[in-house]
Amino acid sequence: MDFQLTDEHKMIAQTAFKLGDSFGLDYWREMDAKKTFPKELWQAICDAGLSGAALPEEYGGSGLGMFEMALIVENLSASGGGSTLGQLFMINPIFGGVTISKYGTEAMKRDMLPKLISGEINTCMALTEPNVGSNTLEIKTFAAADGDGWVLNGEKIWITAVSDAQKMLVVARTKKIDEVTRRTDGLTMFMIDVDRAGLTHHPIDKLGTRTLSSETVFFDNVRIEPEELVGTLHGGWKELLDTLNTERIVTTAGLVGAGELAIKLAVKYANERKVFGDTPVSAYQGLQFPLAQAHAEIECARLMNYKAAAQFDAGQSFGSEANAAKLIAAQATANATERSMQTMGGMGYATESHVERLWRDARLFRFAPVSEEMILNFIAVHDLGMPRSY
C-alpha cells in the first residue's frame with residue numbers, strides 16, 4: 001500500500017488546513033465558552049465542497065472517498081478545531097450522507113443529500129440507550145407496525161447535536177428480542193424529522209465537546225411514515241455497521257489532528273520558554289521524550305486510519321483497521337494533550353493556551369463513540385480468534 005500523498009491529496013489537505021486556520025483557535029475558544037454550534041465554520045466547510053468529499057457527484061458531492069475525507073478532517077482539526085471537528089463530519093457526511101447514499105431510497109437521496117452537502121440541513125443519530133450502552137442488540141426503543149408506517153416509543157441518551165439538526169437517523173427494534181432467532185435480526189433504521197409530535201429532547205451538561213450538544217431524546221408515539229425507512233426492514237444491523245465503522249474513521253482523523261495541534265502548541269511554548277539561563281525548556285529530555293512518544297503514537301494511528309479508509313474505498317473489509325486506529329488515536333491524543341499541558345505548566349491550564357480545551361474534548365473519545373474495552377473485545381474475538389466474554 002502506497003502512503004505517499006498525490007498532488008491532489010496535498011491540495012485537499014492544504015485547502016482544509018487553510019480554511020480551518022482562517023477561523024483559528026480563538027474562534028473555537030469562543031464557541032466552546034458559549035456552548036454554541038460552529039455554524040459559520042461548518043457553512044464555510046460546506047461552501048468549499050469539503051463536506052461532500054465522499055458523497056456521490058450526482059447529488060452535489062465530489063465522488064472521492066473516505067481517504068480524502070480523513071485528510072480533510074485531520075487538517076481541519078490540526079488547524080484549530082481539535083477532536084470535536086471530527087464530530088461535525090460524523091453527524092452529517094457519515095450519519096446522514098454515507099447512510100443515505102448506501103441505503104436510502106432514490107427519493108431520499110435526491111431530497112436530502114444535496115441539502116446535507118450544501119449545509120442547508122444537519123443530521124444526528126439516535127442509537128445509544130440509558131440501560132444498554134454499547135450493547136446495541138438489546139435496545140428497547142420499538143417501532144410498532146401501524147398501517148403502512150410505524151409508531152415509535154422509547155428513550156435514547158448521549159445523542160449528539162439534536163438541537164442543531166433537522167433530521168434524525170433512528171435505530172429501533174421492529175421485532176422484539178424474544179421474537180427473533182438471532183439477536184442481530186429485527187433492527188431497523190429510519191430517517192425522521194427532529195421537529196415532530198411526540199419527540200422531545202433535553203441537553204446534558206458536560207465537561208468537553210461543548211460546541212456540540214449531547215441530549216436525552218424521548219419518543220412518545222412518534223409517527224414514522226413508510227418513505228422514512230432506511231435500508232432493510234428488520235435487517236438493519238449489518239447496514240448500521242457500515243455507518244458505525246466509517247464513524248470510526250472520521251473520529252480517528254479528528255483525534256490525529258488534535259494530537260498534532262496540541263504537540264505543536266507545546267513545542268512552540270517550550271522553545272520560547274527559558275527558566276534556567278538561556279536554554280529553552282524544550283531542550284530538557286524530561287519534556288522532549290513524552291512529546292516525542294506521543295508524536296510517534298499519533299503517526300501510527302494516522303497510518304492505520306489511512307489503511308482503514310483506503311480499504312473502505314476499495315470495497316474491502318475495514319472494521320478491524322478502523323477500530324484499531326481509533327483505539328490508538330484516542331490513547332495517543334489523551335496522552336499528547338496531557339503532556340502538552342504539563343509542558344506548559346500553569347499556562348497549560350489557562351484557557352488562553354487552548355490546550356485545556358483540546359484535553360477536555362479528547363478525553364471523551366476513550367469511551368465514545370465506542371469504548372476502549374469494547375474495541376479490545378472486538379480485536380480479541382475477531383482478530384485473535386478468542387472466545388466472546390459477553
Locate the shortest heavy-atom distance separating [X] from [Y]; write the atom from each residue and the value.
| X | Y | value |
| --- | --- | --- |
| Asp313 | Phe67 | OD2-N, 3.0 Å |
| Ala53 | Ile72 | CB-CD1, 3.6 Å |
| Phe365 | Ala330 | O-CB, 3.3 Å |
| Leu19 | Ala44 | CD1-O, 3.5 Å |
| Ala16 | Asn75 | CB-CB, 4.0 Å |
| Leu212 | Pro38 | CD2-CD, 4.5 Å |

Within-4.5 Å side-chain heavy-atom neighbours: [X] and [Y]:
| X | Y | answer |
| --- | --- | --- |
| Val162 | Met168 | yes |
| Leu88 | Phe37 | yes |
| Thr246 | Asp242 | no |
| Glu30 | Asp26 | no |
| Ile12 | Leu64 | yes |
| Glu138 | Arg183 | yes |
| Leu240 | Met125 | yes |
| Leu244 | Arg248 | yes |

Please determine whether residues [X] and [Y] belong to a single hydrophobic cluster, defined as Ile, Leu, Val, Met, Phe, Trp and Tyr linked transitively by side-chain heavy-atom distances below 4.5 Å.
| X | Y | value |
| --- | --- | --- |
| Leu127 | Phe89 | yes |
| Ile45 | Met66 | yes |
| Phe95 | Val230 | yes |
| Ile91 | Met108 | yes |
| Leu364 | Trp28 | no |

Identify the residue among Thr252, Leu376, Val370 that makes a side chain to side chain contact (heavy atoms under 4.5 Å, CB included) with Leu327.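 Of the listed residues Thr252, Leu376, Val370, the side chain to side chain contact (heavy atoms under 4.5 Å, CB included) partner of Leu327 is Leu376.
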Pair [X]-[Y], side-chain donor/acceptor within less than 3.5 Å:
| X | Y | result |
| --- | --- | --- |
| Glu227 | Thr105 | no |
| Asp361 | Thr84 | yes |
| Gln331 | Asn335 | no |
| His234 | Thr174 | yes |
| Gln342 | Glu338 | no |

Is the backbone of [Y] close enough, under 3.5 Å, to the side chain of [X] for a donor and an acceptor to pair up by distance?
| X | Y | answer |
| --- | --- | --- |
| Gln311 | Ser317 | yes |
| Asn245 | Gly319 | no |
| Gln288 | Ser282 | yes |
| Asn92 | Thr123 | yes |
| Lys102 | Glu239 | no |
| Arg339 | Leu287 | no |
| Gln14 | His9 | no |
| Arg210 | Lys206 | no |
| Thr184 | Trp237 | no |
| Thr160 | Ser214 | no |

Around atom [atom1] of [X], are there more than 12 heavy atoms from other residues, nucleotides or ligands closer than 6.0 Å?
| X | atom1 | value |
| --- | --- | --- |
| Trp150 | CH2 | yes |
| Asp178 | CG | yes |
| Met386 | CE | no |
| Tyr349 | OH | no |
| His201 | NE2 | yes |

Does Phe190 form a side chain to side chain contact (heavy atoms under 4.5 Å, CB included) with Leu229? I'd like the steps, not just the answer. CA-CA 5 Å; Phe190 302 97; Leu229 170 68; 4.0 Å; yes
Going from [atom1] on [X] to [atom2] on [Y], what distance comes out if it is rounded to the nearest 0.5 angstrom?
| X | Y | atom1 | atom2 | answer |
| --- | --- | --- | --- | --- |
| Leu85 | Leu76 | CG | CG | 5.0 Å |
| Thr216 | Glu129 | OG1 | CD | 12.0 Å |
| Asn323 | Met304 | CG | CE | 11.0 Å |
| Leu358 | Ser340 | CG | OG | 8.0 Å |
| Ile100 | Met189 | CD1 | CE | 10.0 Å |
| Glu58 | Ser101 | CD | OG | 9.5 Å |

Electrostatic pair [X]:[Y] at N-O distance under 4.0 angstrom:
| X | Y | value |
| --- | --- | --- |
| Lys18 | Asp21 | no |
| Arg302 | Glu74 | yes |
| Glu260 | Lys264 | no |
| Asp220 | Arg196 | no |
| Arg29 | Glu352 | no |

With side chain to side chain contact (heavy atoms under 4.5 Å, CB included) as the test, would you mind laying out the steps for Met374 and Phe378 before giving the verdict? CA-CA 6 Å; Met374 289 305 294; Phe378 180 95; over 6 Å; no
Checking side chain to side chain contact (heavy atoms under 4.5 Å, CB included) for the pair Leu152/Leu199: CA distance, chi angles, key distance, verdict? CA-CA 9 Å; Leu152 181 69; Leu199 193 163; over 6 Å; no
Would you check, one step at a time, whether the test side chain to side chain contact (heavy atoms under 4.5 Å, CB included) holds for Val281 with Tyr269? CA-CA 9 Å; Val281 298; Tyr269 179 89; 5.5 Å; no
Can you spot which of Thr337, Asp32, Thr209 makes a side chain to side chain donor-acceptor pair (under 3.5 Å) with Arg360?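 Result for side chain to side chain donor-acceptor pair (under 3.5 Å) with Arg360: Asp32.
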With salt bridge (Lys or Arg N to Asp or Glu O under 4.0 Å) as the test, would you mind laying out the steps for Asp148 and Arg223 before giving the verdict? CA-CA 11 Å; Asp148 58 354; Arg223 174 70 185 176; 3.2 Å; yes
